[in-house]
Amino acid sequence: MSSFFSWIEKLLGPTSLISFFTLTGLSFFYYKIPFFLVFIFIISSLVCFFIFIIKKNLLLYVLGRILEAFLTLFIVSSLTFLLLRGLPGGPFDQEKNLAPEIQANIEKKYHLDKSLTWQYFYYMKGLSRGYLGESYKYTDRNISDILKDSLPVSIQLGIYALIIAFAVGIPLGVFAARKQNTFFDQSSMLLSISGVSLPSFVIAPIFILFFSFYLGWLEPALWEGTLFYILPSVVLGLRPASIIARLTRSSILDILSHDYVRTARAKGLNETSIFYKHILKNAFLPVLTFSAPLIAGILTGSFIIEKIFAIPGLGQHFINSVTNRDYPLILGTVLIYSSLLILSNLIVDLLYTYFDPRIKLS
Amino acid sequence: MKTTKNFYEKLYQNKVCFYCGLFIILISLCALLAPLISPYSFDQQFPSKALEGSSLKHWLGTDHLGRDLLSRMIYGSRMSMAVGIFTALISTFLGVLYGLVSGWLGGFTDRILMRFIDIMFSIPTLVLLILVKVLFDSFIVIEHPELKALAGTLVALSLVSWASLARVVRAQVLQSKEKLFVEASRSLGASSFRIIFIHILPNILSPIIILITFQIPSNILFESMLSFLGLGLQAPFSSWGVLVDEAWRSLSTYPRLLLAPGLMLFLTMLSFNLFGDGLRDILDPQLKNQI
C-alpha cells in the first residue's frame, strides 16, 4: 500500500509542478488557458497534498487549521466592520445637494438607517451565504463581480513576482555563499542590498522611462499582454528577490559552523554533496519563515505597482474604496486578502515540517 | 563578553559600516537642525522661478510651485528619520518580548498568542496600517497637521510591525528549545528566566539584528509609501514620499524632481542596511568565526 502511495506521489508531484509552470507560462505569453490543464493541476496538487498530510499524520491538524481559518476570517470581518463603522463620516456625505428624502432612501437601501447591531447582523447573514453586498460607489455592481474582474489580475501579477523573487533570490544567495568573500559574492550582495533599499515607486518610473520610452521595448502601463507584464512583475519582485538572496546567503553561512557539517567533512564527503545535501535544506528554513510576510509584502506592494502602471487589479480598488468609504468593497477586499494570507501561512507551516522533521505540528 | 572599546575599534575597522554610520548621523543631524540649515522654509514659494534648474540661490532648483527643492528635502528627512528609528525601537521591544514568551511557554498560551498574531497577519500590513491610521486621525485631536501625521504614522506602524519580529523570534526559540545546550542548562538547575535571557536570546541575536536591520528602512519605506498613496503626510508639508508622489508623473521632463528625493531615500535605506550588516558581523560570534 505504501509503495502504491509513493508511486502516485512520484508521478503526481512533478505533474502538479509541471502543470503549474505550464499554466504560468501560457498566461505569461497571453495564450488561452486550456481548461483540462487547470483541472490536472488542481487534481494532482490536491492528491499530493492529501498524501503528504496522511503520511505525516497531519489530517486532524489541517482540519483544525481550516476551522481556525474560518474563525479568523469571522473575527477579521467583524473587527473590520466595527472599526469602519466607528469612523465618523458616512459614505454618502460627499455628494452635495442631496435631498434629505433621497439620502434617506439610499440609506434605507443599504440598511444604513438601522442600528449598528442590525447592520452587522445583515452583513453576517449575507456573508454566511457568500454574498458580499453591493458597492456603494459603483452603482448596481456586486462586490463579487468587482472581485471576479480584478482578483485574477492581481494574482497573476503576484505569482510572476513570486517566481522572480525565488528564481533570482535563491541562486544568487547560494552562489554568493559558495564563493564567499570573492568579487562575485561582494558584488551580488551589493546588488541585492541595493534592491532592498530601492523603493518600488522610485525605480518603477525610472524603468518605465528607460525601457519603454528610451528603448521602446516594453509597454509603460496597463495589463494586456506579455510586453505589459514584464515591467510590473520585475519591479514588484525586485525587493523580495533581494531579501531572499541576503537571507539565503546569511543562513547558509550560519549553518556552515554547525557540528554536523564538520562531521560530514570529517567523514570525507566532498564539498558539493555536503553543500547540497546537508546545508541547503537546513538553510532554507529561515527563508521559509520569511516567505509568509513576503507574500503579504507582494500583496501590499501591488498597491503601489498598480497605481503606477494603471493595472486594473485589486489594490486599486482597495485604495479607492478606502478613500470613498465604500464599506462593502473594503470588507470584501480585506476578506480576500485575508483568505490568501491564511492559505499561504498554512502551506508555509506544512512545508516547515517537510524541511525540518524535528518540528512537530499538532 | 566583549568590551565596549573593542566594539568601537571593530566598528572603526569595518569601513563600510563606519561610513554608513557617519551618513546616518549626518542625515539625523539634518533632520534635527532642519530649520537652521535649510536655506528657505519648506512652503516658501517663488512663483516667478517655478521649475527652474539648479542655480546658486536654489542648489537643486525649484518645483512646480517655485518651492526650493533642497529645503523641502531637508525638511522631508525629519519625517522619515523619526518614523524609521522610533517605530523600530518600539516594535522591536514589543516583538522580541512577545516572541520569547510565546515560544518559551508553548502550549495553550502559545496557541492563544499566535492566534492573535495570525489574525494580525491575515490582514495585509498596509491595510491594517491604513485602518489604524484613519482611526487615529479621527479620534486623536492634535492641532499641528505635521505632528499629527507623524504621530499617526508612528503609532500605526508600531502597532502593525512588531508581529513579524515576534513570529520569527518565536520560531527561533522553538528551534533552540530542542537543542542540547538548553537541556544541559536546565539539568544544571537554571531558571526559565536565565535560560531565556542568558542562553537562548544571545543565540538567536543574529536573526533579531538582521530583522532590526530590515525594520528601520522598511519603516522609512512604509512611511513614504503611505505618503505616496496620499494617505500619509500631505503637501505643502514635506516628506520624501510626498516629493516622489509630486514628481513621478513628470519624470521625463523634470527628472531631478524625482531623482533627488529618490536618491536620498535609497541612500538612507542603503546605509541603514549596510550599517546593520556590519553590526551583525561585529556582534555575532558565530558568524565572526566563519569570516
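Throughout, protein chains are lettered first and strands after them, A, B, ... in sequence-line order, and every chain is numbered starting at 1. Everything numeric in this text was worked out from a predicted model, so none of it was measured. When reading the values below, keep in mind they use all heavy atoms of this one structure, side chains included, and skip hydrogens, waters and symmetry mates.
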**Request:** Locate the shortest heavy-atom distance separating Tyr352(A) from Ala171(B); write the atom from each residue and the value.
**Result:** OH-CB, 4.1 Å
**Request:** Give, as side chain, backbone, both or neither, the part of Gln175(B) having an atom under 4.5 angstrom from any heavy atom of chain A.
**Result:** side chain
**Request:** Can you establish whether the number of heavy atoms outside Arg115(B) located under 6.0 Å from its atom CZ is more than 12?
**Result:** yes
**Asked** Side chains of Ile123(B) and Tyr337(A): does their closest heavy-atom pair fall under 4.5 Å?
**Response** no
**Prompt:** For Ile75(A), is it the side chain, the backbone, both, or neither that has a heavy atom closer than 4.5 Å to a heavy atom of chain B?
**Reply:** side chain
**Request:** Could you tell me which portion of Val322(A) (side chain, backbone, both or neither) has an atom closer than 4.5 angstrom to a non-hydrogen atom of chain B?
**Result:** side chain
**Message:** Counting only heavy atoms from other residues, nucleotides and ligands, does the tally under 6.0 Å from CD of Glu183(B) exceed 12?
**Reply:** no
**Prompt:** Is it the case that more than 12 heavy atoms not belonging to Phe70(A) sit under 6.0 Å from its CZ atom?
**Reply:** no
**Request:** Using a cut-off of under 4.5 Å on heavy-atom pairs, state which of Thr72(A), Ile193(A), Ile203(A) scores highest against chain B.
**Result:** Ile193(A)
**Request:** Mind checking the CD1-CG spacing from Ile119(B) to Leu79(A)? Nearest 0.5 Å is all I need.
**Result:** 7.5 Å
**Prompt:** What part of Phe201(A) lies closer than 4.5 angstrom to a heavy atom of chain B: side chain, backbone, both or neither?
**Reply:** both
**Request:** Could you check if a side-chain atom of Val202(A) sits within less than 4.5 angstrom of a side-chain atom of Trp248(B), using non-hydrogen atoms only?
**Result:** no
**Message:** Tell me which of these, Ile295(A), Val76(A), Leu71(A), has more heavy-atom pairs under 4.5 Å with chain B than the rest.
**Reply:** Val76(A)
**Request:** Quick one: which of Ile206(A), Leu299(A), Leu190(A) has the most heavy-atom pairs under 4.5 Å with chain B, could you say?
**Result:** Ile206(A)
**Asked** With only heavy atoms counted, which part of Leu285(A) is less than 4.5 Å from chain B, the side chain, the backbone, both or neither?
**Response** side chain
**Item:** Heavy-atom proximity to chain A below 4.5 Å, by part of Leu128(B)
**Value:** neither
**Request:** Check whether Ile308(A) gets within reach of chain B through its side chain, its backbone, both or neither, counting any heavy atom under 4.5 Å.
**Result:** both
**Asked** Do you know which of Leu73(A), Val196(A), Val334(A) has the most heavy-atom pairs with chain B at a distance under 4.5 angstrom?
**Response** Val196(A)
**Asked** Between Ile319(A) and Ile130(B), is a side chain to side chain contact (heavy atoms under 4.5 Å, CB included) present by the stated rule, with each step listed?
**Response** CA-CA 9 Å; Ile319(A) 298 292; Ile130(B) 290 165; 4.3 Å; yes
**Prompt:** Roughly how far, to the nearest 0.5 Å, is CG of Asn273(B) from OG of Ser197(A)?
**Reply:** 4.0 Å
**Prompt:** Is it the side chain or the backbone of Val127(B) that comes within 4.5 Å of chain A heavy atoms, both, or neither?
**Reply:** both
**Item:** Heavy-atom contact with chain A under 4.5 Å, split by part of Ser224(B)
**Value:** both
**Request:** Would you indicate whether Phe136(B), at its atom CZ, is surrounded by more than 12 heavy atoms from other residues, nucleotides or ligands within a distance under 6.0 Å?
**Result:** yes
**Item:** Nearest heavy-atom neighbours spanning Arg167(B) and Asn345(A)
**Value:** NH1-ND2, 3.7 Å
**Prompt:** Hey, mind stepping through Leu274(B) and Met189(A) against side chain to side chain contact (heavy atoms under 4.5 Å, CB included) and telling me if it holds?
**Reply:** CA-CA 10 Å; Leu274(B) 286 173; Met189(A) 279 306 108; over 6 Å; no
**Complete:** Under 4.5 Å to a heavy atom of chain A? For Leu258(B) that would be side chain
**Message:** With a 4.5 angstrom heavy-atom cut-off, is it the side chain or the backbone of Thr80(A) that approaches chain B, or both, or neither?
**Reply:** side chain
**Request:** Calculate, to the nearest 0.5 Å, the distance between atoms CE and CG belonging to Met120(B) and Leu341(A) respectively.
**Result:** 12.5 Å
**Fill in**
Heavy-atom closest pair (Pro199(A) atom, Leu265(B) atom, distance to 0.1 Å) is CG-CD1, 3.9 Å
**Prompt:** Side chains of Leu221(B) and Arg239(A): closer than 4.5 Å at any heavy-atom pair?
**Reply:** yes
**Asked** Is the number of heavy atoms from other residues, nucleotides or ligands under 6.0 Å of Lys179(A) NZ greater than 12?
**Response** no
**Fill in**
Turns out that what part of Leu229(B) lies under 4.5 Å from chain A's heavy atoms comes down to both
**Asked** Between Phe303(A) and Met225(B), is any pair of side-chain heavy atoms under 4.5 Å apart?
**Response** no
**Prompt:** Contact part of Leu259(B) toward chain A, heavy-atom cut-off under 4.5 Å: side chain, backbone, both or neither?
**Reply:** side chain
**Item:** Other residues, nucleotides, ligands: >12 heavy atoms within 6.0 Å of Phe210(A) CZ
**Value:** no
